[in-house]
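Here is the structure we will look at, set down as structure tokens.
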Number of protein chains: 2
Amino acid sequence: MAELDWSQLSIDKGKPIPRYYQVSEALEKFIERNDLASGVKLPSEEHLAELFGVSRPTINKAVQLLMEKSLVRKVRGKGTFVIQKKLVPFVFMQDLTSLGESLKKSGLPFTTEVIEAKKIQASSFIAHNLMLEPGSLVVYLKRLRRVEGEPIFVGESYLSAKRFPDLLKHDFVSQTLYSILEKKYRLPIVKAKRMLRVVKPSAEDASLLEIPLSQPLIKLDGTAYSWEESVVLYSETKFRGDRVTLTSTVSYNPRTIGKSDEKHRLV
Amino acid sequence: MAELDWSQLSIDKGKPIPRYYQVSEALEKFIERNDLASGVKLPSEEHLAELFGVSRPTINKAVQLLMEKSLVRKVRGKGTFVIQKKLVPFVFMQDLTSLGESLKKSGLPFTTEVIEAKKIQASSFIAHNLMLEPGSLVVYLKRLRRVEGEPIFVGESYLSAKRFPDLLKHDFVSQTLYSILEKKYRLPIVKAKRMLRVVKPSAEDASLLEIPLSQPLIKLDGTAYSWEESVVLYSETKFRGDRVTLTSTVSYNPRTIGKSDEKHRLV
DNA sequence: AAGTGGTCTAGACCACGGG
DNA sequence: CCGTGGTCTAGACCACTTG
């Protein structure tokens, strides 16, 4: 492999464009032009500061931008490395599959970690979504999914504890929640409502997903129904925005047209 | 309205948590606790620096975090203001409606601005998506949609110029693209594929949507078909991630199960 | 002119990883 | 120990808004 010539990098300090932005662009173009893919190491921030003739905090902010674009990964004590982005596709918004099932379909190797599994008293928000009385006992399940070892999303699920008394005895590592509901409780999911938005991670989210606080998440809240108006499950899922795509294919179906918007809260 | 007492704000400099993060949290809690909604003005960054006993750059970064969470808006020369978030719901992933039609259904007042409308030579990427020869002439349409005056999304559409020779003569401000296709060209959309992901705005995106470069966008790429395998339209839409939710309701339909994933590129 | 956020600097100390 | 990124400071100049 040829040596990389970082010394050609420069910016125009006269331009009315922030230096950190110019630096960020220059580095991005350099990475593209030289087709740096795998784990190539960038010069240290101090060295970059010299190269560009700016201060270290300016370089720090520039590299921060690249990290938010998921072009590089900073590792304290080691350096900054170019990353090879791999997107995990979820075929989701159109099917009634659970996320676990969508992962299975994708064929990618994934694992499930149970972060928490317990019964709790439902908050008024959760109770409302499950159509229960506030304070009812609910099963709370928090799981982290990894693909090829890397954290991809963290999901929290809520189900009525009365309706599923022994749910926590099942093994959530090897089975999907949907399959347990269907096989053990004879309650197939036949309808689901979902709402998607972009949020910032909490400190805990960031820690679990191994991302900086600056990186946006895709938050998908969903309610699953077994038959009309019978709520089975409420869930909140947070995906790493840099690693996930959601896809859907919709075909014309006269029965599903025009009966959609009921109560979309304008928060 | 009672006077706000900002002086109670403080952080613990001994903790191993970044000061800018502590400041950011303290401000967020203060806003919540005092239920500051509309355009309440925060103390100046210099004043905040005094209050917390930290330097101005640290305050600047803390407030930056709040801005990325869309809790405040910074205006140069004026100050920093609490914002009242309003989310625009799109009922979208499930229906074959265009975004304009989804907006109409929501009942919110919106406007359309045509940024560009012209014929161009298709790049190989666009040509591939429209199933045309590279270099073919395509109609390119770039529009900005505002809701209640605020920019919400910017969309770019590509259609075969050969198939729609006089498309650019239509009025895109008062009619949706889908309705023109259906009424003038007798080509109803009966199928659509969509892919969603989170991206950073380009400098131009940020300018059009009036957002900082740090704010994430929801990017929705779509292909619309008139009848099986007849591609009509390829589009790329970028939504402000802080102002938009996407919702869907999916019901059980044996015909749509299990025939989904064809070619999801693992970039 | 005064107040505000946008940006930058030069230098500093820390925590972490690796020899 | 050294090199790395993470963070912070004190002070500065600029551009923009308002009076």
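Every chain is numbered from 1 and lettered A, B, ... according to where its sequence line falls, protein lines coming before strand lines.
Rounded to an integer number of Å, the gap from E45(B) CD to dT9(D) P is 14 Å. When rounded to the nearest whole Å, the span between CD of E46(B) and C1' of dG6(C) equals 14 Å. One atom, CE of M67(B), and another, P of dT4(C), lie 18 Å apart when rounded to the nearest Å. Atom CG of L48(A) is separated from atom P of dT4(D) by 10 Å (rounded to the nearest Å). Look at CD on Q64(B): it is 12 Å from P on dC8(C), rounded to the nearest Å. In this structure, I59(A) places its CD1 atom 13 Å from P of dG6(D), rounding to the nearest Å. When the P atom of dG5(D) is taken as reference, atom NZ of K61(A) falls 18 Å away, rounded to whole Å. Rounding to whole angstrom units, CG of residue L27(B) and P of dG5(C) are separated by 12 Å.
For the pair K74(A) (side chain) and G79(A) (backbone), a donor-acceptor distance under 3.5 Å is absent. Between the side chain of K69(A) and the backbone N or O of E28(A) there is no donor-acceptor pair closer than 3.5 Å. Checking side-chain atoms of S102(A) against main-chain N and O of L99(A) turns up no donor-acceptor pair under 3.5 Å.
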Encode nucleotides 11-19 of chain C as B, S and - characters from 5' to 3', where the letter depends on protein heavy atoms closer than 4.0 Å: B to the base, S only to sugar-phosphate, - to neither. BB--BBSS-
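Dashed line: the shortest gap from a side-chain N or O of T58(A) to OP1 or OP2 of dT7(C) is not under 4.0 Å. OP1 or OP2 of dG6(C) has at least one side-chain nitrogen or oxygen of N60(B) nearer than 4.0 Å. Within the 4.0 Å cut-off from OP1 or OP2 of dT7(C), at least one side-chain nitrogen or oxygen of Y20(A) is found. Here T80(B) reaches the OP1 or OP2 of dG5(C): one of its side-chain N or O atoms lies under 4.0 Å away. Side-chain N/O atoms of S44(B) include none lying less than 4.0 angstrom from OP1 or OP2 on dG3(C).
Taking the charged nitrogens against the carboxylate oxygens, K238(A) and E204(A) have no contact shorter than 4.0 Å, which rules out a salt bridge.
For the salt bridge (Lys or Arg N to Asp or Glu O under 4.0 Å) with R56(A), the qualifying choice from E45(A), E50(A), E46(A) is E45(A), the only one to do so.
Applying the 6.0 Å contact sphere to CZ of R146(A) captures more than 12 heavy atoms from other residues, nucleotides or ligands.
Here the CG atom belonging to L213(A) is positioned 10.5 Å from the CD atom belonging to E68(A), to the nearest 0.5 angstrom.
V54(A) comes within 4.0 angstrom of the backbone, heavy atoms only, and of no base.
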